[in-house]
Amino acid sequence: MLKRNFLDEPAPANYVAGLGRGATGFTTRSDIGPAREGPSEEAIKAALARRAEALGQPAPTAYGADKKKDDDDDDDDHRYQDPENEVGLFAGGAYDEDDDEADRIYQAVDEKMEKRRKSRREAREKAEREEYERLNPKIQHQFADLKRGLETLTDDDWANLPEVGDLTGRNRRARQAMRQKFYPTPDSVLVGAAGGGQFETSVQDGGEAATADTADGTMTNFIDIGRAKTRVLEARLDRSSTDSATGSTNIDPKGYLTSLNRSTTQTAEQVGDIKRVRELLQSVIKTNPKHGPGWIAAARLEEVAGKIVAARTLIARGCEHCPKNEDVWLEAMRLNDPPNARIIVADAVRHNPKSVKLWVEATALESDLRAKKRVVRKALDIIPQSVVLWKEAVKLEENPLDARILLARAVELVPLSVELWLALARLETFENAQAVLNKARKAVPTSHEIWLAAARLQEQQGTAAKVNVMKRAVAALARAEAMPSREDWIREAERCEDEGAVETCQAIIRETLGWQLEEDDDRKKIWMDDAESSIARGRYETARAVHAYALRVFYTKKSIWRAAAELEKNHGTKDALWSLLEKAVEACPQSEVLWMMLAKEKWQSGDIDAARIVLGRAFEQNPNNEDIWLAAVKLEAENNQHSSARELLATARREAGTDRVWIKSVAFERQQGAPDAALALVNEALQTYPRADKLWMMKGQIYERELASIPPAREAYNAGTKACPRSVPLWLLLSRLEEAAGVLVRARSVLDRARLAVPKNPELWCESVRVERRAGNMTQAKKLMAAALQECAHSGLLWAESIWHLEARTHRRPRLVEAIEKVGNDATLYVAVARNFWAERKLVKAASWFEKAILVDPDRGDTWAWYWKFLKMHGEEDKRGDVLGKLGITEPRHGEVWQRVAKDPRRRWRNCEEILEAAVEELE
C-alpha cells in the first residue's frame, strides 16, 4: 500500500484543522464543551499577512474596519431616524419661548390649511359615500318597494298572518289536541253559588218556580246563569264597598278601575318567560348579593308579573344587602305607598347621608310645606355644596326676600354655580344686580352666561346703546380662553330673540359674527348661510342682525341688499322695507333690480307719483337701461296711461333698442287690440333681430289668432324654425298649427324634424305622444313613449304623461314608485303622484305631495293651479288663504298652462290670483 508523502510532513505553521469548513472544536457526549479553543484574532491576522506576502499582495492593515464603520453608520442612522430624539447635535439645546412661538405658528398654519381643505374634503367624501351607497344598496333599500306595497293590506290581512313557530305535523297535532282539552265549570256550580249563603235564594223574576227541565240540569238556561252572575257580582260589590256601621264606602273607584286594567290574562308563553327570567335573576342575586341592579331587575320582574308584594319583599332584601346603593333605595320607595316610602327614605338617608337624590326624594314625599323645608335644610346642613338642594330650597320659598337670603348664602358656599348667581341677580334691584353680576364674573371668569345676563340687564334698563357689554365680554372671554364658537353665539342670540331681548341679540351678532374669520374664508357666503338658517328656524331678528353686520363689511354687495330686502318684504313692515331699499339704491346706484324693487313697492302701496320719482332717479343713474324703461312702461300701462306707455316704448326703441324692448312693444300693441300696428313692429324688429325666436312666434300668433290667416302663420313659423332651429316653442307652435288645421301628417313630420334639430328634448317627445293620443292612436303613442323614455329616462314630464294617460289605473302606483326612483325630485312627477292619491280619495297624502311639489319648484305655476283646484274642493278656508299669501310672495312665471294663460294678449291680469283662477279652468 502506497503512503502519501505529505502525511509524513509537518503541518504548515498557520494550519488550523477544520477552519475552512468552519469547525474549530468538537463536542462529544462524554466531553461537554469545546475540544480546544480556536485561533485568536492576532493569529488570524498574522496568517493572512503571511499569505499575502507569499502571493505578493499588500497585507490588510485595517482588518474589520469596513464592518465597524458600517456599524457606526448604522448607529448614526438609528439615532437620526426619530426627529424627537435630539441626542446628537441638539442634545444640549434649551427649549425657550422662541421655540414655543415657532411651534404655535406652525400649528396655526396647519390648522388653517386643514380648515381650508375641510369643505372640499367633506364634499368629496359625501359624493364618494353616495356613490358607494348607490352601487351597494342596503337590503332595506332593495325591498323598499315591497314595503310600500304593504300599505294596501287591511287589518284583517294582518290579523290572518300565521304565527311563527314549529309547524311540523306532529307538534301541530299535539298542540291542537291540547287546545281541545278544556274543563268547563258545571252549570250547577254557578246556580248553587247564586242561591247559597247570604244571598237571595232565587234569581228568577216574578217569583216563578223552576221547571222540571231546569231543576234536574238536563236543560241549560243561559239567561238564568247570566242573571246569577250579575247578582253575585252586585252582592259582593255592595258588601265590600259599604261599611256596615257608618255606611261610607272604602273602595277607591279610580283604584278599582286601575286594578281591573292591570288584571290582564297572561299567555302560557309569557308565564314561561317570566319563570325563566326569575330563575336567572335569582341566580344573579344569590351569586352576587351586593349587586344592586340585580335586585332592582328582580323586583321589577315581579311587578310586571303582578306580584307587587313579592316585589316589595325582594327590594327590601336588596336594601339590606346594598345599603349604600341609592338606586335600590329609590326603587324601594317607588314600589311602596307614601307612608311606607317615608319610612324607607329615612333609613336610606341614614345609610347614605351624602346622596342628593335621596334627599330630593325625601322632600318630594312630604306633603306639608314646612316638612319639606325642614327636610331640605337638614340636607343642606349635611351637603352644603349641592346646587340641586339649594335650588329646591329656593323653590319652596314663597317670599322673594327669603329666597334672596337663601341665594346669597348659596353663592357664598357654592361660588362656582352660574345658575345660583343668575337667580340671585334676577331677584335684586338694578344696582344690586349689577354688583351681583360683577361678583359672579370675578368668581366664574369663563362663563359667557353671566355676560349675557349683564347685557340683558342693561337692555331692560334702557342703557344698552350706551354700555357695550358684549364688546367687553368678547375681550374678557378671549383673555380667559373661554370664547365660545360662532355657532354657539348665534344660538345664544336666537335664544335672546325668543325671550324678547332683541337688542342683546343684535349686540351678540354685531360683536361675535366675525370671530375667527379671515378675509380669504369666503365670509359673505358663510354669513348668508347663517342668515338663511336663522330664517328657516323663524328667528328673523337674528337674520336681520346678520344682514346688517354683513352690509357693514360688504356695503356695495347687491346680493346682500336683495336678501335683506326679501327678509323685510316677507317678514317685516313696509316702512322698514322702504328705508332699507333707499339705503340699498344709495349704496348700489347701478343696480337696476334694487331701483325696480323700490318702485314696485311704492306702486303696490298706491303711491304712483312716488314710483315715477323713483324710476326718474333710476334713469339718472342708469341711462338707456332696458329694465328701467320697461318698468316705466309697465307702470304707465297698468295705470291706463296708454299714450304715455306708447311714447315711452318709442323712446326706448330709439335709445335702448334691444330685442326685449321690441318684444314688449309688440306685446303692448297686441294687448291694445291693434294687430296691424303689432305686425308692422314685428316685421321691423325682425330686420334687426332675425334670430329672436320670440319675434317669429309673435308674428305667427298674430296671423293665426288675431288675423285668422293660416298660410302666413305657417310661413312665419317655418321661417322662424329655419332662423332659430333650436327653439323648441317655435317647433311646438308649428306642430299645433298643423294639427289644428287637420293635417296630422305634417304635424308628425314637423315634430320628427324638431327632434333631429333638438335631440333628447322631453317636451318634443311629449308633444309627439300627445299628437297620437289626441288622434286616438294609442298603440303608436305607447311606442313613442317607450322610445322617449329610453332617450330621456330622467324626465318627470314624460313619466307623468305616460303614467297618467297611457297606463291602467291599477298600474299607476307601482309605475309612480319606479318613476320617483328614476327621476328624483321633480315637480311635474310629484303633481302626478298627488293627483293619483286624490283619485284614490287619500286627501291627506294628496295635499302632502302637492306641497312637496311646490317646495321642489315654487316658480312652476301649474303646480299652484293643481293645488288650488284641490283646495277649492277639499281644503279649508285658512289653508286657502295661506296658499294665496304664499302665491303672492312667490309670483310664479313658468308652467305649460300658466304661461299660456298669463301671456294671453286678450286678457289683462291685475295679480297672480286672477291668473290662478283662469289657469284652474284651463287644466285638463
Side-chain angles (χ1 to χ4, degrees), residues 376 380 384-516 539 541-542 545 549:
V376 171
L380 286 173
Q385 287 81 22
S386 174
V387 178
V388 176
L389 291 176
W390 281 110
K391 290 168 66 176
E392 289 290 332
V394 172
K395 289 179 182 178
L396 295 175
E397 295 297 335
E398 299 176 350
N399 190 351
L401 181 60
D402 296 337
R404 190 186 309 163
I405 295 172
L406 275 177
L407 285 171
R409 180 59 178 165
V411 296
E412 291 178 5
L413 295 174
V414 194
L416 298 181
S417 174
V418 177
E419 295 179 81
L420 296 178
W421 282 109
L422 296 180
L424 179 59
R426 282 193 289 268
L427 294 176
E428 296 285 357
T429 61
F430 174 69
E431 292 78 8
N432 294 338
Q434 281 186 316
V436 168
L437 290 176
N438 287 332
K439 292 179 182 179
R441 179 171 52 81
K442 294 177 181 178
V444 193
T446 59
S447 173
H448 67 279
E449 292 92 347
I450 298 174
W451 286 103
L452 290 176
R456 298 185 62 175
L457 182 65
Q458 295 294 335
E459 181 180 355
Q460 292 173 2
Q461 196 66 18
T463 58
K466 299 178 181 179
V467 182
N468 194 346
V469 177
M470 287 309 304
K471 186 175 182 180
R472 295 170 52 197
V474 170
L477 291 172
R479 284 196 304 270
E481 297 183 357
M483 185 70 176
S485 62
R486 287 180 57 261
E487 291 76 12
D488 294 336
W489 280 118
I490 292 174
R491 282 192 288 270
E492 291 293 343
E494 293 178 350
R495 185 170 62 84
C496 291
E497 179 185 350
D498 290 340
E499 297 173 0
V502 177
E503 293 184 10
T504 303
C505 166
Q506 296 172 351
I508 292 172
I509 296 299
R510 183 173 60 249
E511 299 298 335
T512 62
L513 192 64
W515 178 254
Q516 290 184 341
R539 309 299 190 271
E541 291 295 337
T542 306
Y549 184 86

Taking C-beta and beyond as the side chain, do [X] and [Y] meet within less than 4.5 Å on heavy atoms?
X      : Y      : result
Trp489 : Leu452 : yes
Lys442 : Lys439 : no
Leu457 : Val469 : no
Ser417 : Val411 : no
Lys471 : Arg510 : no

Distance only, no hydrogens: is a donor on one side chain within 3.5 Å (strictly under) of an acceptor on the other, for Glu459 and Thr504?
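Yes, side-chain donor-acceptor contact under 3.5 Å.
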Distance-only side-chain donor-acceptor flag, Gln461 / Thr463, under 3.5 Å
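Note: Gln461 and Thr463 side chains miss the donor-acceptor criterion.
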Quick check for you: to the nearest 0.5 Å, what is the distance between [X] atom [atom1] and [Y] atom [atom2]?
X      : Y      : atom1 : atom2 : value
Ile405 : Leu424 : CD1   : CG    : 11.0 Å
Ile490 : Ile508 : CD1   : CD1   : 10.5 Å
Arg486 : Thr512 : CZ    : OG1   : 8.0 Å
Arg491 : Thr542 : CZ    : OG1   : 12.5 Å
Glu511 : Tyr549 : CD    : OH    : 8.0 Å
Glu503 : Cys496 : CD    : SG    : 11.5 Å

Is the closest basic N to carboxylate O distance between Arg456 and Glu499 below 4.0 Å?
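Here Arg456 pairs with Glu499 in a salt bridge, since their nearest N and O are under 4.0 Å apart.
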Taking only Lys NZ, Arg NE, NH1 and NH2, and the carboxylate oxygens of Asp or Glu, determine whether Glu492 and Arg495 approach each other closer than 4.0 Å.
yes
Please check if the side chain of [X] supplies one atom and the backbone of [Y] the other of a donor-acceptor pair under 3.5 Å.
X      : Y      : value
Trp390 : Pro384 : yes
Asn432 : Glu428 : no
Glu497 : Glu541 : yes
Trp421 : Pro415 : yes

For the student: nearest non-hydrogen atoms of [X] and [Y], plus distance:
X      : Y      : result
Ile450 : Ala440 : CD1-O, 3.5 Å
Ser386 : Leu380 : O-CD2, 4.4 Å
Ala433 : Ala425 : CB-O, 3.5 Å
Ala493 : Ile509 : CB-CD1, 3.9 Å

Test applied, side chain to side chain contact (heavy atoms under 4.5 Å, CB included); reference residue, Val394; option that passes from Leu420, Leu407, Leu389
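So the option named by the test is Leu407.
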Can you confirm whether [X] is buried at [atom1], in the sense that more than 12 heavy atoms of other residues, nucleotides or ligands lie under 6.0 Å from that atom?
X      : atom1 : value
Arg472 : CZ    : no
Arg404 : CZ    : yes
Glu398 : CD    : no
Glu412 : CD    : yes
Glu419 : CD    : no

Going through the checks in order, is the side-chain contact (heavy atoms from CB on, under 4.5 Å) test met by Glu481 and Thr446?
CA-CA 8 Å; Glu481 297 183 357; Thr446 59; over 6 Å; no
